[in-house]
Chemist: 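My structure is below; once you've seen it, I'll send some questions.
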There are 2 protein chains.
Amino acid sequence: MQDHEFSRIERAPAYRLVYNAIEREILTGRLRVGSPLPAELQLAEQFGVNRSTVREGIRLLEQSGLVERDGGKRPRISVPHYLDLASSASRALILHSVTFRELWEASMVVEPAIAESAAQHVNEAGLAELTINLEAMETMVVRLEGGGDPDLEAFVQLDRTFHEILAKVAGNRVLALAHEPVTSLFIPTGQIILPRLKTYRRVFDAHHHIFDCLKAKDAAKARSWMHKHMDDFRRAYELTELSLDAPLDAVSLGIS
Amino acid sequence: MQDHEFSRIERAPAYRLVYNAIEREILTGRLRVGSPLPAELQLAEQFGVNRSTVREGIRLLEQSGLVERDGGKRPRISVPHYLDLASSASRALILHSVTFRELWEASMVVEPAIAESAAQHVNEAGLAELTINLEAMETMVVRLEGGGDPDLEAFVQLDRTFHEILAKVAGNRVLALAHEPVTSLFIPTGQIILPRLKTYRRVFDAHHHIFDCLKAKDAAKARSWMHKHMDDFRRAYELTELSLDAPLDAVSLGIS
DNA sequence: ACAGTCCGTTTGTCCGACAATTTTGAATAG
DNA sequence: CTATTCAAAATTGTCGGACAAACGGACTGT
């Protein structure tokens with residue numbers, strides 16, 4: 001019989017208050033990025049808490065990327081890198097049993113947009129990076145077609161790198177963020193597909209077509225080739241008779 | 001003249017080793033999600049370090065979402081929520097001076113896809129949620145057109161909620177992840193646009209059209225209305241004479 | 001200008017302690 | 001036997017102090 005709803009009482013531990021306070025100082029610019037954090041004892045004195053408590057607060061800052069420690073030196077204030085956070089999010093997606101279908105749908109949306117933007121913004125340096133990547137992959141494909149032993153992990157790594165270079169070239173950090181789960185989760189499904197269907201050259205060809213579009217600055221064509229390339233993943237996955245809606249297994253992706 | 005490359009020497013502090021060890025136990029399933037973390041003293045004994053050191057390691061786990069504390073109770077092992085990590089990433093984007101153009105380009109890609117998927121998967125409960133949201137917004141628009149005092153924050157919040165409901169209804173967690181910066185950064189630019197151009201009803205109308213498409217399960221139309229809706233943001237932003245390529249300012253977005 | 005040395009500061013780690021709260025387990029009532 | 005109650009044990013959050021190792025900076029001698 002309660003006739004009044006009390007707002008939930010929150011008794012945050014002191015170390016979290018320390019975290020909040022310092023986070024605020026950083027976000028509002030009173031503590032400048034790049035400068036060293038004040039000494040622990042000084043902070044303890046200012047906050048009126050013990051040094052151990054301050055240290056626990058600093059650990060929170062450290063894990064959230066707002067503070068970087070470099071050896072035994074004074075920790076420095078830094079800006080968290082969004083791609084690090086994105087890869088944590090990808091790991092979380094795996095733990096939440098994300099499905100192949102979800103990843104595929106997202107890749108069909110994000111990657112073509114990245115290819116399009118990359119075609120518009122690509123420069124010599126980007127093309128050079130892509131060339132190196134393509135040559136490495138071609139070497140590997142030729143070796144495999146000669147009956148070589150497949151090094152799946154290395155192949156998938158080259159595949160990922162190709163798409164990462166594209167995302168970098170596209171020059172859109174929000175799209176790069178959206179694209180992170182695609183490289184770290186979707187493309188590694190190749191580890192399941194490739195050995196069963198031997199589609200190595202098909203992947204290489206797709207990359208090469210996209211590369212040509214970039215060189216020709218043909219954004220529309222780049223988009224459409226990438227679209228086809230992503231859809232190939234689904235078709236191949238279906239041929240393996242795995243369910244699109246079954247949760248992906250971290251182990252079989254070689255993600256630990 | 002160095003003929004041998006030494007691998008970089010890494011001297012991680014003990015608390016980080018503790019973090020790594022426990023993280024591993026969780027990811028490999030030896031520590032089950034939902035169960036309480038072993039007592040600090042027990043961990044300290046097992047790892048052969050002091051309890052303070054263990055505690056610092058636990059703070060790292062806490063911030064990365066692998067451990068959840070609930071009051072003074074035993075911290076429990078949990079799965080990090082990807083949306084929390086995404087909102088950290090959004091904050092990082094702001095600190096990295098992300099531009100309106102980047103957010104807009106991403107929104108033009110992600111939001112129409114979400115609308116399309118939402119139209120395919122929407123159910124009664126989702127429509128009900130959207131109805132409540134729309135009614136609240138209509139009330140506010142009518143009040144504003146009657147000369148009422150604009151509560152920008154509340155309006156933007158309703159706008160965000162509409163898009164968040166859509167993302168939830170779409171049922172794709174990877175797209176939801178990609179869409180997070182759109183709600184937490186892009187839509188709040190309305191705080192800049194709305195008071196200058198008074199486009200309240202225009203926003204409401206767009207939402208209503210999208211809602212109708214969902215009710216009719218017309219995915220293609222939902223996509224196209226959302227596309228138009230997002231592009232409206234750019235057109236409005238350009239009319240304010242702000243540069244699309246200038247970094248967004250956290251303060252003016254009401255993000256602290 | 002440069003290398004080496006000394007010294008105060010700071011971080012990383014350990015030890016011990018205690019209040020507040022939670023968990024456990026045993027005693028008790030129904 | 002089950003449910004409740006209650007005291008004891010365990011656990012977390014915080015404090016205080018201590019010390020080795022590494023760092024930073026000033027000083028010195030060349």
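A note on names: the letters A, B, ... follow the listed sequences, proteins ahead of strands, and every chain is numbered from 1. Bear in mind the structure is a predicted one, so any value in this text is a computation, not a measurement.
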Chemist: Would you call B:Arg59 and A:Glu62 a salt bridge, using N to O less than 4.0 angstrom?
Modeler: no
Chemist: Grab the CZ-C1' distance between A:Arg76 and C:dT10 for me, whole Å please.
Modeler: 15 Å
Chemist: Quick check, are the ring centers of B:Phe100 and B:Phe233 under 6.0 angstrom apart?
Modeler: no
Chemist: May I have the distance from A:Leu17 (atom CG) to D:dG13 (atom P), rounded to whole angstrom?
Modeler: 13 Å
Chemist: How long is the straight-line distance from CD of A:Glu180 back to CG of A:Leu175, given to the nearest 0.5 Å?
Modeler: 13.5 Å
Chemist: Measure the CD1-CD1 distance between A:Ile77 and A:Ile22 for me, rounded to the nearest 0.5 Å.
Modeler: 8.5 Å
Chemist: Distance alone, cut at 3.5 Å: any donor-acceptor contact between the side chains of B:Asn172 and B:His121?
Modeler: no
Chemist: Please report the distance, rounded to the nearest Å, between CD in B:Gln42 and P in C:dT23.
Modeler: 16 Å
Chemist: Tell me: CZ of B:Arg69 to P of D:dT11, nearest whole Å?
Modeler: 18 Å
Chemist: Decide yes or no for B:Glu56 and B:Tyr19: does some side-chain heavy atom of the first lie under 4.5 Å from some side-chain heavy atom of the second?
Modeler: no
Chemist: Once you round to the nearest 0.5 Å, how far does CD of A:Glu23 lie from OG1 of A:Thr28?
Modeler: 10.0 Å
Chemist: When you measure from every atom of DNA chain C, which of residues 30-41 of chain A have a heavy atom less than 4.0 Å away?
Modeler: A:Ala39, A:Glu40
Chemist: How many Å lie between CZ on A:Arg74 and C1' on C:dT11, as a whole number?
Modeler: 10 Å
Chemist: A quick test of your reading: do over 12 heavy atoms of other residues, nucleotides or ligands sit less than 6.0 Å from CD of B:Glu129?
Modeler: yes
Chemist: In this structure, how many angstroms lie between the C1' atom of C:dT24 and the NZ atom of B:Lys73, rounded?
Modeler: 16 Å
Chemist: Give me the distances for all protein-to-nucleotides 14-19 of chain D N/O pairs that come in under 3.5 Å?
Modeler:
residue : atom : partner : partner atom : Å
D:dT14  : OP1  : A:Ala14 : N            : 2.4
D:dT14  : OP2  : A:Ala14 : N            : 3.3
D:dT14  : O4   : B:Arg51 : NH2          : 3.0
D:dC15  : OP2  : A:Asn50 : N            : 2.7
D:dC15  : OP2  : A:Thr53 : OG1          : 2.9
D:dG16  : N7   : A:Asn50 : ND2          : 3.3
D:dA18  : N6   : A:Arg51 : NH2          : 3.2

